[in-house]
Amino acid sequence: MEHFLEVACGPARHAALIARAAGAGATAVDVSPAMLEYARGQAEAAGVAGSMHFVQADMTQEGWAQQVEQPADLAAILLGSLAHCLDNGAALACFKELSQAVRPGGLLVLELPHPSDLWGGYCLEDEQFVEAWDAQSEDGSKTVLVEWGREGDTFDLQQQVLHRTVGLSVYVGDDLASSEVETVPQRQFTLQEVDLLARVTGFEVVEVHGDFDAGIGLDHEDAYRSVVCLRRREA
């Protein structure tokens, strides 16, 4: 593999890991300038900044593929980030740009929620929204509490959009230093919708798994997400 593309990259840890492990070039795309600045710092600390190219762009808009300097052998949208394509126009624009950024025969990997999250009623049950966890800074001086969902978050049945409450609270010792709360809309895609988007933009679905393990299918007891592997059709 010569080139990896990570879209909605956040801190671009996956791109940096592949650049280091595979000796490949990598492009990292994100809408947030602040996040890309952080990602550059992380890449420099990992010693792979020279192998990486950073693009500030909205994946839901047309035109960003022109900034990808080399066609990707492998591209990925991970951690459910396709959910930010809230309507069909945004999703189609994203897939069209991916079809330009990935070489013919190249692969695209999507990490999505498991189908049971939608069809099993997960999105309709208030108590299922609520998750929380914490993480400490490297020096142990700060603790970040993450709130992922609240009771009362709503799901739009027609648009398939979950309006999820997300909170970040930073503590220094026992004292609250800062707190941010916002509602983040997230579209829930079906696998059939992904297949249709693929077909109209030059991709084909080749495999679907329930985790990043080829031995775990969607119906496996350990499956808790959908990992969709697509191939860019040859011209």
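Predicted, not measured: the structure shown is a model, and the values here were computed from it.
- Taken together through direct or relayed side-chain contacts under 4.5 Å among Ile, Leu, Val, Met, Phe, Trp and Tyr, M59 and F189 form part of one hydrophobic cluster.
- Using a 4.0 Å cut-off between charged side-chain N and carboxylate O, E193 and R187 make a salt bridge.
- Transitive grouping of hydrophobic side chains (ILVMFWY, heavy atoms separated by less than 4.5 Å) keeps L92 and V31 in distinct clusters.
- Atom CZ of R199 has 12 or fewer heavy atoms from other residues, nucleotides or ligands within 6.0 Å.
- When side chains are defined from C-beta on, Q160 does not count as touching D156, because their heavy atoms never get closer than 4.5 Å.
- At a threshold of 4.5 Å between non-hydrogen side-chain atoms, the residues F54 and E37 do not count as touching.
- L74 contributes atom CG, which lies 10.0 Å from atom CD of E6 (distance to the nearest 0.5 angstrom).
- Looking at D134 and T143, their side chains never bring a donor and an acceptor atom within 3.5 Å of each other.
- Heavy atoms of other residues, nucleotides or ligands lying less than 6.0 angstrom from CD of Q66 number 12 at most.
- Here L191 contributes atom CG and L112 contributes atom CG; the two are 7.0 Å apart, rounded to the nearest 0.5 Å.
- Between C85 and T60, some side-chain heavy-atom pair lies under the 4.5 Å cut-off.
- With hydrophobic clusters built from ILVMFWY side chains whose heavy atoms lie under 4.5 angstrom apart, F95 shares a cluster with W64.
- The cluster map of Ile, Leu, Val, Met, Phe, Trp and Tyr, joined by side-chain heavy atoms under 4.5 Å apart, puts L5 and F203 in the same cluster.
- The structure places OH of Y171 at 5.0 Å from CG of L176, a figure rounded to the nearest 0.5 Å.
- Between the side chains of S99 and T201, no donor N or O sits under 3.5 Å from an acceptor N or O.
- Here E131 contributes atom CD and R150 contributes atom CZ; the two are 14.5 Å apart, rounded to the nearest 0.5 Å.
- T27 and H3 share a side-chain donor-acceptor pair at under 3.5 Å.
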Just do the side-chain contact (heavy atoms from CB on, under 4.5 Å) check on E62 and K96 with the steps written out, would you?
CA-CA 8 Å; E62 294 185 1; K96 284 181 176 178; 4.1 Å; yes

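- Atom CG of D174 has 12 or fewer heavy atoms from other residues, nucleotides or ligands within 6.0 Å.
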Pair L17, R13 - check side-chain contact (heavy atoms from CB on, under 4.5 Å), show working.
CA-CA 6 Å; L17 178 62; R13 291 193 179 98; over 6 Å; no

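- Within the 4.5 Å cutoff, the side chain of W133 has no heavy atoms near those of the V144 side chain.
- The distance from the CD atom of E111 to the CG atom of L82 is 11.5 Å, given to the nearest 0.5 Å.
- For the atom pair CG (L110) and CG (L79), the distance works out to 12.0 Å, reported to the nearest 0.5 Å.
- A heavy-atom distance below 4.5 Å is not found between the side chains of E147 and V166.
- The side-chain heavy atoms of T190 and W119, taken from C-beta on, include a pair separated by under 4.5 Å.
- When the options V205, V102, L107, L108 are evaluated for a side chain to side chain contact (heavy atoms under 4.5 Å, CB included) with R231, the one that passes is L107.
- Here the side chains of D73 and F4 are not in contact, with every heavy-atom distance at 4.5 Å or above.
- Placement of V228 and V7 within a single hydrophobic cluster is found when ILVMFWY residues are connected by side-chain heavy-atom separations under 4.5 Å, directly or transitively.
- For D30 and S32, the side-chain atoms include no donor-acceptor pair closer than 3.5 Å.
- Put simply, the side chain of C9 does not reach to within 4.5 Å of the side chain of V29, judged on heavy atoms.
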